[in-house]
Amino acid sequence: MVATLCCLLVGSAVGTLGFLREAIEEREAANSALALDLAVHQVMAADRVISAGGSRSEFTHLAGAVTALDGDHRLALHAMSAASATQAERLIAETRVLGGDILAGRRSSVSSNSPDDLVDLLHGVAERASRKGTTAERIALVFALLGAIAATLAGWLLIRSRATEFRLRDELTHQATTDILTGLPNRRVLDRVLDRARTDMATSGGVTGIVLLDLDGFKNVNDTFGHRTGDRLLVEVAARLRRAQRAHDVLLRLGGDEFAVVLVGMPTADGAEQAAHRYLSVVDEGVEVDDRSEHLRASVGVATTDDPAALDTLAAEADLAMYEAKRAGGHRVVVFQSGMEHNATAVNRITRALRLADFDQEFSLHFQPIVSIDAREPVSYEALLRWESAEIGPVGPAEFIPVAEQIGEICAIGRWVLNRVCAQLHDWDREGRWPDLRISCNVSPLQLEDPNFVLEVTSIVDGWGVDRRRVVLEVTESTVLDAHGAAVARLAALRDAGFRVAIDDFGSGYSNLGQLLQVPFDMIKIDRSLLVTLSEMREHAGGDPTSPCAIMTAIVSIASVFEAPVVCEGVETEDQLRSLRASGITHVQGYLTGRPLPAAEAFGGSSQSRERPAGVPNRARQLPATAA
Ligand code: C2E
Ligand code: MG
Ligand code: MG
């Protein structure tokens, strides 16, 4: 099409020019003939005047006519045949002589018929040339019209292809800047939004903030339910965030399970934390996944600035704050504070080392006794994980457990711990020691979110041939209170299957007794922080450190509703122990009655079995097939 149009354009241009040239030449020939004709007529008029006896003074145009006849007549002659041209040349010469004789006042010897013959000849030439010129003009016009049509078509094609180009470019930009799954702007848009905010802040001031939201345990959702379900969840989260979006907020999906909201044009930084809580609250609701009700949780980091130059680091600061939220157990909002960058470096090192860790070589368990106050005898031990990283040396569980949760390693670690605990119980059984002693394992909230958790725990414990009643699963108070139907049902199922459940870290957060009543448990463990706070309060008030504590007594009476014993953690002094006993507490766990120690030291000579039941790999990601 384009090639045809180009040919048409060139052809029409050539045609138009060719015929225009011809038209001009013919017109010039006609004009030359007509000019000659006029001169001849002036000579003829003079001749007639002389013949009629007129005065010479009346021949005003004769001199000009003679000069004209003397001039160049090639154009007119060129339009004639060769014979006519020769005749015309002769007639022109004769007419010029006639004109010259009249001017000179001589009687001319030239035939006065010559001008008449010449006029006839010139008329014919002028007519013919004029006709030819008109025809050439018309053809040139047709060519010009064809050219105009071709040019219009080519122009239209050009505009259309430009429009297509613009559309494709627009689509490409849209694709490059939009997250396909959720339809939200993607990470690439963040820089643009911040650039615009920088300009706005420089001209009209104000504060810009970034709220960074990362789903907790999303890797588990993907691993458990598959990527399709994970994608559906992300779409749902995007829809919820959109609903909470305010006019000036820019909502983006940065990738994976990470979303960001840029808060632009805020008068002060005060609103940012509030906005972050608003976004967290819309995400933090139950969601239906594959006919199951699951609970979404998220960690949120917030950073703000009123300095346009500080916008470059704003996203990184929000990121650090978000990591702090994760480290603190997730499901919360953390506002950036300087100093967090040091923590982040540590988290990065832990993440790397954890990914490379050889569980059997680097992990071990320490056991701390839970002691009956009256008998001063252990009733059970809590297994506490220790990590001597080959890369970075020893790391405490408070540091690496949140990272393990964040990178999705916690379930594998949990399986490793449970296998080790079962190995210990199995050793005792084999040695015929402590048939009534139990061992507690800490269970991460993320493990509870796994629909296979019940099956997994039962298979591991049964695989070792260990009595289920000797395994206590410790879940934190906050896990239980945040737990949705499915997690609580899993705890109930484990209890029905014979396992014991302890509520760990009681009193470290907010307690909703109504919700607590929904959860099946066999033991409450009061958090060390509550004991410390209450001891300090009493010290301030100058009270007797060994007297009963009303709050501890209240907790004991709540637990008595469930017939569950209360253990107080972190007991370090005899005064604390006395006060707790006076308050009705029956069991304690703390440095006073026994520090966490390796199995060999904790159990006096018995070293924990390292042999695994057949089929249990190093990282204990799979279930044991049979007991050893
Ligand atoms: P937790 O389950 O509440 O464990 C009790 C913590 O209190 C332990 O800290 C223990 O060493 C410490 N503790 C016990 N008595 C005293 C005392 O008298 N004074 C003081 N200052 N501390 C005392 P640890 O071993 O550092 O563990 C910290 C937390 O890490 C645990 O708190 C638990 O939430 C988590 N954790 C430990 N092992 C595991 C595990 O295998 N899996 C999971 N998911 N979490 C674990
Ligand atoms: Mg515990
Ligand atoms: Mg605890």
Side-chain angles (χ1 to χ4, degrees), residues 216-217 220 327-330 350 354 357 359 362-371 378 380-388 394-424 438-450 453 457 460 471-480 500-509 521-533 535 555 566-577 580 587-598 602 620:
D216 295 335
N220 272 357
R327 259 164 56 87
I350 292 172
L354 208 50
F359 287 9
E362 299 177 29
F363 283 146
S364 63
L365 289 182
H366 279 195
F367 295 88
Q368 186 178 28
I370 295 171
V371 174
S380 62
Y381 282 83
E382 178 174 7
L384 294 160
L385 187 57
R386 297 292 175 259
W387 181 29
E388 180 82 35
V395 189
E399 271 191 276
F400 74 80
I401 295 285
V403 180
E405 287 175 337
Q406 201 181 313
I407 64 173
E409 282 287 319
I410 192 67
C411 292
I413 292 177
R415 284 193 288 272
W416 186 92
V417 171
L418 187 58
N419 268 294
R420 274 302 152 94
V421 164
C422 289
Q424 186 59 65
R438 294 185 287 272
I439 301 186
S440 300
C441 293
N442 290 288
V443 172
S444 153
L446 293 182
Q447 288 175 270
L448 261 186
E449 277 173 21
D450 181 355
F453 184 61
V457 171
I460 291 176
V471 177
V472 183
L473 303 167
E474 291 194 8
V475 289
T476 62
E477 177 200 53
S478 54
T479 312
V480 172
R500 286 165 203 258
V501 172
I503 306 293
D504 202 359
D505 301 346
F506 187 84
S508 61
F521 64 87
D522 304 277
M523 181 195 283
I524 287 186
K525 297 183 76 180
I526 297 174
D527 194 59
R528 177 173 173 269
S529 61
L530 185 63
L531 175 69
V532 171
T533 310
S535 302
I555 295 173
V566 178
V567 180
C568 188
E569 291 183 306
V571 179
E572 294 179 351
T573 64
E574 279 294 343
D575 283 353
Q576 285 174 333
L577 186 79
L580 290 168
H587 296 82
V588 288
Q589 175 182 353
Y591 294 168
L592 181 70
T593 47
R595 284 179 177 264
L597 292 170

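The residues of the chain are indexed from 1 along the displayed sequence. Note that this is a predicted model, so its numbers are computed, not measured. In listed order, ligands and their atoms are each counted from 1.
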- Query: Taking C-beta and beyond as the side chain, do Arg420 and Leu385 meet within less than 4.5 Å on heavy atoms?
  - Reply: no
- Task: Report yes or no: does a heavy atom of His366 sit under 4.0 Å from some atom of ligand 1?
- Result: no
- Message: With a heavy-atom distance limit of 4.0 Å, tell me whether Gln368 approaches ligand 1 through its side chain, its backbone, both, or neither.
- Response: side chain
- Item | Minimum-distance protein heavy atom relative to atom 31 (C) of ligand 1 | Leu384 CD2, 4.3 Å
- Lys525 and Cys568, any side-chain heavy atoms less than 4.5 Å apart: no
- Around atom 28 (C) of ligand 1, find the nearest protein heavy atom and jot down its residue, atom name and distance. Pro397 CG, 3.9 Å
- Just wondering, is there an N, O or S atom on Glu569 that's nearer than 2.8 Å to the Mg ion (ligand 2)? no
- Query: Do the side chains of Val472 and Asp522 get nearer than 4.5 Å, heavy atoms only?
  - Reply: no
- Query: How long is the gap from CG on Leu530 to CD on Glu569, to the nearest 0.5 Å?
  - Reply: 11.0 Å
- Within-4.5 Å side-chain heavy-atom neighbours: Asn442 and Thr476: no
- Query: Are any side-chain N or O atoms of Asp505 and backbone N or O atoms of Asp527, one a donor and one an acceptor, separated by less than 3.5 Å?
  - Reply: no
- Query: What protein heavy atom sits nearest atom 46 (C) of ligand 1, and how far away is it?
  - Reply: Asn442 CB, 3.7 Å
- Message: Can you give me the closest heavy-atom contact between Leu592 and Thr573, atom names plus distance?
- Response: CD2-O, 3.4 Å
- Task: Just let me know how Arg420 lines up against ligand 1, side chain, backbone, both or neither, with a heavy-atom cut-off below 4.0 Å.
- Result: neither
- Tell me whether Thr476 has at least one N, O or S atom under 2.8 Å from the Mg ion (ligand 2). no
- Task: Answer whether the closest heavy-atom distance between the side chains of Gln576 and Val588 falls below 4.5 Å.
- Result: no
- Query: Which ligand 1 atoms are under 4.0 Å away from a heavy-atom of Glu382?
  - Reply: 1 (P), 2 (O), 4 (O)
- Can you sort out which atoms of ligand 1 are near Ser444, meaning under 4.0 Å from one of its heavy atoms? 44 (N)
- Note on the structure: Closest to atom 38 (N) of ligand 1 among protein heavy atoms sits Leu385 N, 3.1 Å
- Protein non-hydrogen atom found under 4.0 Å from atom 12 (C) of ligand 1: no
- What N, O or S atom of Asp505 is found closest to the Mg ion (ligand 3)? OD1
- Task: Could you tell me the residue and atom name of the protein heavy atom closest to atom 19 (N) of ligand 1, and the distance to it rounded to 0.1 Å?
- Result: Glu572 OE2, 2.6 Å
- Message: Quick check: of its N, O or S atoms, which one does Glu474 have closest to the Mg ion (ligand 2)?
- Response: OE1
- Please identify which atoms of ligand 1 are closer than 4.0 Å to at least one heavy atom of Arg528. 19 (N), 20 (C), 21 (N), 22 (N)
- Message: Quick check: closest heavy atoms across Phe400 and Ile350, and the distance to 0.1 Å?
- Response: CB-CG2, 3.9 Å
- Looking only at protein heavy atoms, what sits closest to atom 3 (O) of ligand 1 is Asp505 OD1, 3.0 Å
- Query: Applying a 4.0 Å heavy-atom criterion (strictly less than), which segment of Val571 is in contact with ligand 1: side chain, backbone, both, or neither?
  - Reply: backbone
- Message: If you apply the rule side-chain contact (heavy atoms from CB on, under 4.5 Å), what do you find for Val566 with Phe506, and how did you get there?
- Response: CA-CA 10 Å; Val566 178; Phe506 187 84; over 6 Å; no
- Does the protein put a heavy atom less than 4.0 Å from atom 7 (O) of ligand 1? no
- Message: Which residue is it: Glu474, Glu382, Arg500? I am looking for the one with a side chain to side chain donor-acceptor pair (under 3.5 Å) to Ser440.
- Response: Glu474
- Query: Which heavy atom of the protein is the closest neighbour of atom 16 (C) of ligand 1, given with residue, atom name and distance?
  - Reply: Tyr591 CE2, 3.3 Å
- Message: So which atom in Pro378 and which in Tyr381 form the shortest heavy-atom distance, rounded to 0.1 Å?
- Response: CG-OH, 3.7 Å
- Message: Please list the nearest protein heavy atom to atom 5 (C) of ligand 1 with its residue and the distance rounded to 0.1 Å.
- Response: Glu569 OE2, 3.7 Å
- Query: Would you say the side-chain atoms of Ser535 pair up with the backbone N or O of Leu531, donor to acceptor, closer than 3.5 Å?
  - Reply: yes
- Query: For the Mg ion (ligand 2), what is the closest N, O or S atom on Glu382?
  - Reply: OE2
- Message: If you consider just the N/O/S atoms, which atom of Asp504 is the closest one to the Mg ion (ligand 2)?
- Response: OD2
- Task: Please state whether the rings of Trp416 and Phe359 are parallel, tilted or perpendicular, taking 30° and 60° as the class boundaries.
- Result: perpendicular
- Would you say Gly570 touches ligand 1, if touching means a heavy atom closer than 4.0 Å? yes
- Message: Under a 4.0 angstrom heavy-atom cut-off, which atoms of ligand 1 come close to Pro596?
- Response: 11 (O)
- Point-to-point distance, once rounded to the nearest 0.5 Å, from CD of Glu572 to OH of Tyr591: 6.5 Å
